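Quick caveat: nothing in here was measured; it's all calculated off a predicted structure. Protein chains get the first letters and strands the later ones, always in sequence-line order, with residue 1 at the start of each. Worth knowing before you read on, the calculation uses all heavy atoms, side chains too, and leaves out hydrogens, waters and symmetry mates.
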Protein chains: 2
Amino acid sequence: MKISEASEQSGLRVKTIRYYSDIGLVAPSGRNDAGYRQYDKTSLQQLIFIRRAREFGFSIPECRDLLGLYSDKARSSADVKKIASTRLEDIRKKQDELQCLHDELFHLVQNCRGDDRPDCPIISNLAEMK
Amino acid sequence: MKISEASEQSGLRVKTIRYYSDIGLVAPSGRNDAGYRQYDKTSLQQLIFIRRAREFGFSIPECRDLLGLYSDKARSSADVKKIASTRLEDIRKKQDELQCLHDELFHLVQNCRGDDRPDCPIISNLAEMK
DNA sequence: CTAGTCTCTCCATTAACTGGAAGGTCAAGG
DNA sequence: CCTTGACCTTCCAGTTAATGGAGAGACTAG
């Protein structure tokens, strides 16, 4: 199939697929006479795999690793679990940070009258040294 | 004060302060004879303000807006509240996404034996079309 | 006077694409 | 046969918010 169909099937944009091809992440299965990229079942699977992994927040280098593991029939599940667990930790940390942020900002918004007067705890707070 | 002291006082790196100066976000109060950037109390306050706002996840354009509101003695607290509320909504959305991600990935990690065998639900799941 | 630490500007690089220009290819319609 | 439009190609530039480094000027201590 051509790139536009691979795009539809994978849920990735044409530009993105070309980009992945450029950086050597997912190579097309071949090229036709006109030089058009061709994608077969395997390369399409890889594209889908990458899209999903990216949605999970795995970086491109991590995706590269995972794709290697994905293709490697001899790898242990422990190898994969290790990468995924690290990513899970990242998510938990990010969640905590976001929660702090949310609480603090929510507090500020709550305490701001939001009227015509200039007094505003949000501004005052941001200006504080912390 | 010179840029390195402004850096210490504000918690921003020297490079970052120069960058803010370049993009016209926070201009130094002046330059000395040697062309060194000088920061006074007001410009330092602005740097601190920006650092805090950035930590809250406000983008540079948003920081620019907020800084305008910060300096504008005539602005209403409603203007500020509006920007902050939008940001709060962004945070909530991000939290939800992160929660979904966490649950899904946690489930996968839980179900992976993490042993020497190649069978791995994480890999299988990533390879699935969704 | 010199060594070391600032500081300056300018340029390149980062992540992961995205947009656009200029040009080649292909199928359908007139 | 020709044209129109939808694809496809490569290459170059831009995005965000800095960061790193080169090369050169300024300042301070010994």
Item to complete: Figure out the CG/P separation between N32(A) and dA27(C), and round it to whole Å.
Response: 10 Å
Worksheet item: Mapping R54(B) and K2(B) onto DNA chain D by nearest heavy atom, which one lands closer to the 5' end?
Response: R54(B)
Discussion item. Once side chain to side chain donor-acceptor pair (under 3.5 Å) is applied, do any residues pair with T16(A), and if so which ones, sequence neighbours excluded?
Written reply: none
Worksheet item: Which parts of residues 34-42 of chain B get close to DNA chain C, meaning a heavy atom less than 4.0 angstrom away?
Response: G35(B), Y36(B), R37(B)
Item to complete: Return the value, rounded to whole Å, for the distance between atom CG of D33(B) and atom C1' of dT7(C).
Response: 14 Å
Practice prompt. Would you give the length of the straight line joining atom CZ of R37(B) to atom CD1 of I3(B), rounded to the nearest 0.5 angstrom?
Written response: 5.0 Å
Item to complete: For S4(B) and V14(B), work out which heavy atoms get closest and say how close.
Response: CA-CG2, 4.1 Å
Worksheet item: salt bridge (Lys or Arg N to Asp or Glu O under 4.0 Å) with D96(A): which residues, sequence neighbours excluded?
Response: none
Practice prompt. Only counting residues at least two apart or in another chain, list the ones meeting ring-ring contact (aromatic ring centres under 6.0 Å, His included) with F106(A).
Written response: H102(A)
Discussion item. Less than 4.0 angstrom between a side-chain N/O of R31(B) and OP1 or OP2 of dT7(C), yes or no?
Written reply: no
Worksheet item: How far does CZ of F49(B) sit from CZ of R54(B), to the nearest 0.5 angstrom?
Response: 13.0 Å
Worksheet item: Which residue, K15(A) or I3(B), contacts DNA chain C at a nucleotide closer to its 5' end, judged by nearest heavy atom?
Response: I3(B)
Item to complete: Check the pair R51(A), E55(A) against salt bridge (Lys or Arg N to Asp or Glu O under 4.0 Å), reporting the backbone distance first and the verdict last.
Response: CA-CA 6 Å; R51(A) 177 179 57 75; E55(A) 281 169 5; 3.0 Å; yes
Fill in: Single-linkage hydrophobic cluster Y19(B)~F58(B), side-chain heavy atoms < 4.5 angstrom
yes
Item to complete: State whether E5(A) and K2(A) are salt-bridged, where the test is any N-O pair (Lys NZ or Arg NE/NH1/NH2 against Asp/Glu carboxylate O) under 4.0 Å.
Response: no
Item to complete: Could you check which residues of residues 17-30 of chain A get a heavy atom under 4.0 Å from DNA chain C? Sort them by number, please.
Response: Y19(A), Y20(A)
Practice prompt. Over all heavy atoms of both residues, which pair between S10(B) and I48(B) is shortest? Give the atoms and the distance, please.
Written response: CA-CG1, 3.8 Å
Worksheet item: What distance do I50(B) atom CD1 and L67(B) atom CG have between them, rounded to the nearest 0.5 Å?
Response: 4.5 Å
Practice prompt. Would you grab the first and last nucleotide of DNA chain D (5' to 3') that comes under 4.0 Å of any non-hydrogen atom in chain B?
Written response: dA17(D) to dC27(D)
